[in-house]
Amino acid sequence: MDQASEPNTTNLDGALLEVRDSAEDISPRPPDTDRQSDLIEKIANGKFNVDLGRKEIKARFLSEYGQWFMDGEHGTLMHAALKAIYDKSALFNRFKSLFTLIIEQYPYILKVGEKLAGETALHYAIQHKLSDAVEYLCHCVTPTAAAAAISCRDEKKANCLHAAIKCRLDIRTIKYLISACKASAVLDVDDSHLTPLHYAVDDAYYTNREIDDGSRPLEIVRLLVEKNDAALLRLDASGRTPYLLRAYQRESKILKVVGTSEASTEEQNGSDTTASTDSPDDWVLVGRDPVAEFILSYSLRKFTRRDIAKCLYHPGQERQVQLDLSGLPLQAISRDYLDGLSEHLQFESILRIVRLPHLTIETSPNSAGHMIRANSSRGADPVLLVFNWLRENGVERIIEVVVVDNEGRAYPDSSIKKALGGFDIRVWNWGRLDLSSDVIYSAAPLAEEIYLYSTGNNAALVRWASPKGLIKFTKLKSVNVSVQKSREDFGQLTQHLRIFSNDINAQTHGRVKVSYTIVDELTLAAENMGKYIQAEYKPWSDCILKFGTLLRRNPAFRESRPVKIAVLDDGVDASLPIFKGRIAFGESFCYDVPGPLGNYFVSSTGHGTHMCTIIATLSPNVRLYIAKLGSRIVDSKVVSEAIDWATHCGVDVIFIGCGIIDRERCLDDAICRAKMEGIAIFCAANDGRIQGNEDLAEPHGCIRIRAASEDESELARQGANVHFLVPGRKKLAIRDETSGTIILSEVGNSIATATAAGLAGFLLSCSWFVGNDKDACMFGDDAIGIAFNTMVEPNNDRFPRVQFLERRFLDELKSSRGLTLVESGYNITEMEWDDTCTEAFRAVMKSLRMIFGA
């Protein structure tokens with residue numbers, strides 16, 4: 001062969017590339033279906049080399065093989081190349097130039113799927129744990145193209161993040177994929193309706209060693225959450241967020257561990273003795289979960305209350321994530337009050353904030369019957385009382401503490417240290433002037449943000465800026481100082497603050513940011529929200545109260561099933577004695593209301609407290625579920641959320657005490673779901689009396705109530721939209737939400753609706769109590785509607801007369817006892833419950849068709 005006919009060669013990485021000068025000299029080509037495999041085999045065997053630095057070689061190569069880059073027997077040439085290096089990672093470097101050339105010619109090739117399985121080249125590389133190839137391919141394209149490739153789905157709708165986590169790709173590459181992907185990729189769900197974060201919290205995709213160590217799952221979860229924390233709110237097919245899925249698995253693991261321990265104990269002892277399910281060792285084994293703790297802490301710090309509830313809890317299972325007592329009617333608390341809150345407050349292990357006014361302690365009555373109040377100056381420690389109570393109720397960490405400590409004598413330093421020590425506080429806002437940094441450090445050594453209050457005394461500023469002051473807080477990021485104007489010259493005070501700021505900045509090398517504000521008068525920490533004005537309550541009818549008194553004389557009634565009534569209003573003053581033992585649970589849906597007015601156990605205007613009082617008074621055995629909506633008028637979306645919450649809580653009756661400004665489909669759907677569960681829903685008919693609004697929506701599917709006068713002499717105007725007329729016409733003292741002033745508001749329809757809900761609770765309690773095994777007790781608005789209609793007299797349209805109950809009950813007793821009640825000297829308030837009362841009440845309930853049977 002002459003010089004011209006010999007092959008031109010070039011060496012790169014020790015491989016050989018053949019390039020023929022003419023078509024006649026080219027060896028016979030293999031069949032088209034083998035062209036890809038022919039090229040791949042030569043490169044793998046070191047017989048082919050691609051030199052992208054020589055244009056003529058690249059041109060000849062593209063002329064010969066270019067048409068097979070995208071179309072082969074199984075997909076692209078890139079797929080074929082990746083299959084060749086599977087389990088042969090040493091070959092990867094030989095294919096780098098080929099990968100670069102293919103992507104240069106077809107920038108979109110990473111989005112092209114394989115013909116058989118539908119996998120893109122990136123998916124294939126991930127599935128086969130070719131980490132170097134995954135990162136190299138992404139680096140070969142633009143960041144936008146790489147992000148688009150990562151978002152591509154396979155035949156199971158999984159993107160590359162799903163695949164990387166499921167196949168346990170090395171952590172370095174997973175971190176790269178998360179950093180390079182679109183934020184929306186974290187939200188993608190596969191055909192199992194799972195996001196990458198759902199897989200990341202699942203122990204099934206980690207080795208036992210990784211689970212025990214915890215660093216790998218925690219790192220992946222942290223990166224995904226920081227990329228797009230909306231993934232924390234995505235639900236799987238079972239309605240679980242990633243946190244709820246993790247909690248479900250941990251609960252299952254606890255049960256499994258405890259069960260294994262029990263079985264082992266039985267086997268070793270040869271007896272039926274089993275290990276206690278409360279064994280500390282069992283719980284310690286699985287109780288500390290850094291992944292769950294990270295999600296919990298992150299959501300509490302970053303999310304609104306609405307999103308916190310969605311992220312962490314199933315509807316109806318919400319826990320209290322903050323404690324704000326600054327809206328208390330009185331700034332005096334007692335242990336009894338806190339224990340009363342414990343009956344319906346279920347705290348999360350981590351609280352986002354605890355906010356307290358300057359408190360005093362209200363002790364037990366003295367011998368003269370007067371309440372004794374004590375503050376810290378008399379030896380009592382309110383902060384110790386509150387924070388120890390939180391510990392007793394399962395609180396382990398508190399993210400932010402805000403306490404007023406500028407009224408009267410300050411809380412002792414020792415009380416502050418003892419009260420807050422161990423809570424891992426990250427934001428410190430203790431409203432005492434010139435508070436020692438030693439006290440703060442003893443209580444919150446890991447504080448990241450500190451609020452300080454200064455009299456302007458330079459000596460205090462110097463102590464704070466010293467090496468033994470704020471410098472020792474290793475996690476500290478910011479310091480916010482509020483300074484009260486002092487007698488010192490304003491310019492001199494400003495200079496002192498500038499020196500303080502510079503000293504902190506220099507000693508922490510810029511890690512701690514300092515801000516300061518000079519004010520005429522300090523407003524410290526929390527604000528006294530004023531006293532709650534309780535409105536006077538007048539019952540609808542003595543008839544219901546008489547029966548309630550009689551029923552409660554029977555011990556069996558007190559143990560019977562309570563009626564669950566949800567009150568959708570502006571909260572309730574839970575400190576009132578009437579609610580002791582009657583509030584089962586609560587949740588706030590006024591997400592945009594800051595501070596204490598967001599708590600369900602604080603009534604914004606007093607209206608909700610008044611409605612709850614009516615219901616609790618009329619229903620002899622009731623548990624209240626408080627849904628705080630925040631305002632007298634709300635939109636339908638908020639109401640629908642509250643109705644769904646109440647439905648999940650399994651209530652029997654829902655009372656809607658607010659006006660609704662619109663009627664969206666979501667409200668009708670929520671009402672429909674509640675009615676399907678047998679829940680009766682009461683709402684007030686609109687008469688324009690809430691802030692003069694004549695256009696409030698009247699939701700369909702509710703029992704609509706309008707007010708009549710107490711003696712029935714003046715019935716309210718009627719209409720097709722009214723189901724029943726109930727006594728309730730009166731004025732009520734309400735605190736205006738904007739100005740805080742007390743106004744007289746015509747709230748007759750609200751009172752009438754609460755009265756109707758209380759009557760419904762009374763009837764349900766009675767029917768369930770006296771109904772025997774042969775009776776079928778009715779539920780829902782159908783049963784309530786029938787009962788109400790039965791009490792309506794023909795000449796008194798839509799007005800249920802509860803006197804019917806008393807009249808019928810006394811007639812039944814007279815018949816069963818064979819004498820008149822006048823002869824016996826009995827009346828309802830003086831009777832003792834016996835079997836004849838049970839039978840008489842059963843007859844009354846049957847006449848109302850609340851029960852039926854033998």
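Numbers for residues simply follow the sequence, beginning at 1. Worth knowing before you read on, the calculation uses all heavy atoms, side chains too, and leaves out hydrogens, waters and symmetry mates.
- Between A147 and K182, the shortest heavy-atom contact is CB-CG, 3.7 Å.
- Between E219 and I171 the shortest side-chain heavy-atom distance falls below 4.5 Å.
- With hydrogens and angles ignored, the 3.5 Å screen pairs a side-chain donor or acceptor of N393 with a backbone N or O of W389.
- Checking side-chain atoms of N228 against main-chain N and O of V186 turns up no donor-acceptor pair under 3.5 Å.
- Minimum heavy-atom separation, L296 to S299: O-OG, 3.0 Å.
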request  = In sequence, state the C-alpha distance, the side-chain angles, and the governing distance for S515 and N480, and then conclude on side chain to side chain donor-acceptor pair (under 3.5 Å).
outcome  = CA-CA 5 Å; S515 63; N480 307 277; 2.9 Å; yes
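- Here K417 does not pair with D438 in a salt bridge; the nearest charged N to carboxylate O distance is not below 4.0 Å.
- Judged by distance alone, with hydrogens and angles left aside, the side-chain atoms of D381 form no donor-acceptor pair with the main-chain N or O of V383 at under 3.5 Å.
- Counting only heavy atoms from C-beta outward, the side chains of W430 and L420 approach each other to under 4.5 Å.
- In this structure, a donor-acceptor pair under 3.5 Å is absent between the side chains of E293 and Y298.
- Looking at E135 and T173, their side chains do bring a donor and an acceptor atom within 3.5 Å of each other.
- With salt bridges taken as basic N to acidic carboxylate O contacts below 4.0 Å, none links K302 and D229.
- The line from NZ of K175 to CG of L224 is 12.5 Å long, rounded to the nearest 0.5 Å.
- At distances below 3.5 Å, at least one donor-acceptor pair connects side-chain atoms of R153 with backbone N or O atoms of V189.
- With salt bridges taken as basic N to acidic carboxylate O contacts below 4.0 Å, one links K580 and E343.
- Using a 4.5 Å cut-off on side-chain heavy atoms (C-beta onward), I126 and C167 make contact.
- Remark: R335 engages E392 in a salt bridge, criterion side-chain N to carboxylate O under 4.0 Å.
- At a threshold of 4.0 Å, the pair D190-K156 does not count as salt-bridged, since none of the basic side-chain nitrogens sits closer than that to a carboxylate oxygen.
- C160 SG to I174 CD1: the interatomic distance, rounded to the nearest 0.5 Å, is 12.0 Å.
- Evaluated for a side chain to side chain contact (heavy atoms under 4.5 Å, CB included) with R397, the options L351, I350, L300 yield exactly one hit, I350.
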task = Take E400 and W428 through the test side chain to side chain donor-acceptor pair (under 3.5 Å) and record every step on the way to the result.
result = CA-CA 6 Å; E400 181 176 0; W428 178 275; over 6 Å; no
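- For T120 and H123, the side-chain atoms include no donor-acceptor pair closer than 3.5 Å.
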ask   = Could you walk me through whether I565 and V651 pass the side chain to side chain contact (heavy atoms under 4.5 Å, CB included) check?
value = CA-CA 6 Å; I565 300 181; V651 302; over 6 Å; no
Candidate pair Y248 and R240, rule side chain to side chain contact (heavy atoms under 4.5 Å, CB included), full reasoning = CA-CA 9 Å; Y248 170 76; R240 298 188 185 103; 3.5 Å; yes
inquiry  = Quick one, D652 with I679, criterion side chain to side chain contact (heavy atoms under 4.5 Å, CB included). Give me CA distance, side-chain angles, the key distance, then yes/no.
reply    = CA-CA 5 Å; D652 307 298; I679 301 173; over 6 Å; no
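- When all heavy atoms of L338 and V386 are compared, the pair lying nearest together is CD1-CA, 4.3 Å.
- Smallest separation of non-hydrogen atoms from A292 and Y243: O-CE1, 3.4 Å.
- Side-chain atoms of S192 never come within 3.5 Å of backbone atoms of L194 as a donor-acceptor pair (strictly under, hydrogens ignored).
- Around atom NZ of K472, more than 12 heavy atoms belonging to other residues, nucleotides or ligands sit under 6.0 Å away.
- Within the 4.5 Å cutoff, no side-chain heavy atoms of L325 are placed close to those of R355.
- Side-chain contact between V572 and R582: absent, with no pair of heavy atoms (C-beta onward) separated by less than 4.5 Å.
- Counting heavy atoms from C-beta outward, P217 and Y205 have side chains that stay 4.5 Å or more apart.
- Summarising the geometry, atom CZ belonging to R426 is positioned 12.5 Å from atom CD belonging to E449; distances are rounded to the nearest 0.5 Å.
- A donor-acceptor pair under 3.5 Å is formed between the side chain of H162 and the backbone N or O of N159.
- Using a cut-off of 4.0 Å between Lys/Arg side-chain N and Asp/Glu carboxylate O, R306 and E641 are scored as salt-bridged.
- A side-chain donor-acceptor contact under 3.5 Å links D202 and Q249.
- E318 has its side chain within reach of F585: a pair of non-hydrogen atoms, C-beta onward, lies under 4.5 Å apart.
- To the nearest 0.5 Å, atom OG1 of residue T508 and atom NZ of residue K477 are 13.5 Å apart.
- Taking the six-membered ring where tryptophan is involved, the planes of F387 and F423 are tilted, since the angle between them lies from 30° to 60°.
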task = Begin with the C-alpha distance, continue with both residues' side-chain angles, and end with the deciding distance and a verdict on salt bridge (charged side-chain N to carboxylate O under 4.0 Å, His left out) for D132 and R172.
result = CA-CA 10 Å; D132 290 339; R172 183 203 71 205; 3.2 Å; yes
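- Although no hydrogens or angles enter the test, the distance criterion places a donor-acceptor pair under 3.5 Å between the side chain of Q320 and the main chain of Q322.
- Screening F601, Y600, Y625 for a ring-ring contact (aromatic ring centres under 6.0 Å, His included) with H344, the sole residue that qualifies is Y600.
- A donor-acceptor pair under 3.5 Å is formed between the side chain of T195 and the backbone N or O of L197.
- The two residues T304 and R352 have their closest heavy-atom pair at C-NH1, 4.3 Å.
- Between R168 atom CZ and Y206 atom OH the span is 10.0 Å, to the nearest 0.5 Å.
- Remark: the D170 side chain and the S131 side chain contain an N/O donor-acceptor pair separated by less than 3.5 Å.
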key: Residue pair K418, D413: steps toward the salt bridge (charged side-chain N to carboxylate O under 4.0 Å, His left out) verdict   = CA-CA 9 Å; K418 189 180 297 184; D413 291 351; over 6 Å; no
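- Ion pairing between D188 and K157 fails under the 4.0 Å rule for side-chain N and carboxylate O.
- Here the straight-line distance linking atom OH of Y124 with atom CG of L82 works out to 7.0 Å at 0.5 Å rounding.
- Residues Y176 and H139 bring their aromatic ring centres within 6.0 Å.
- C181 places a side-chain heavy atom less than 4.5 Å from the side chain of L161.
- Without hydrogens or angle criteria, N388 side chain to L384 main chain gives a donor-acceptor distance under 3.5 Å.
- In this structure, the side chain of K513 engages the main chain of G510 through a donor-acceptor pair within 3.5 Å.
- Ion pairing between E677 and R673 fails under the 4.0 Å rule for side-chain N and carboxylate O.
- Ion pairing of K475 with E448 is absent here, as no side-chain N (NZ or NE/NH1/NH2) approaches a carboxylate O to less than 4.0 Å.
- Heavy-atom minimum distance, A146 versus C138: CB-O, 3.8 Å.
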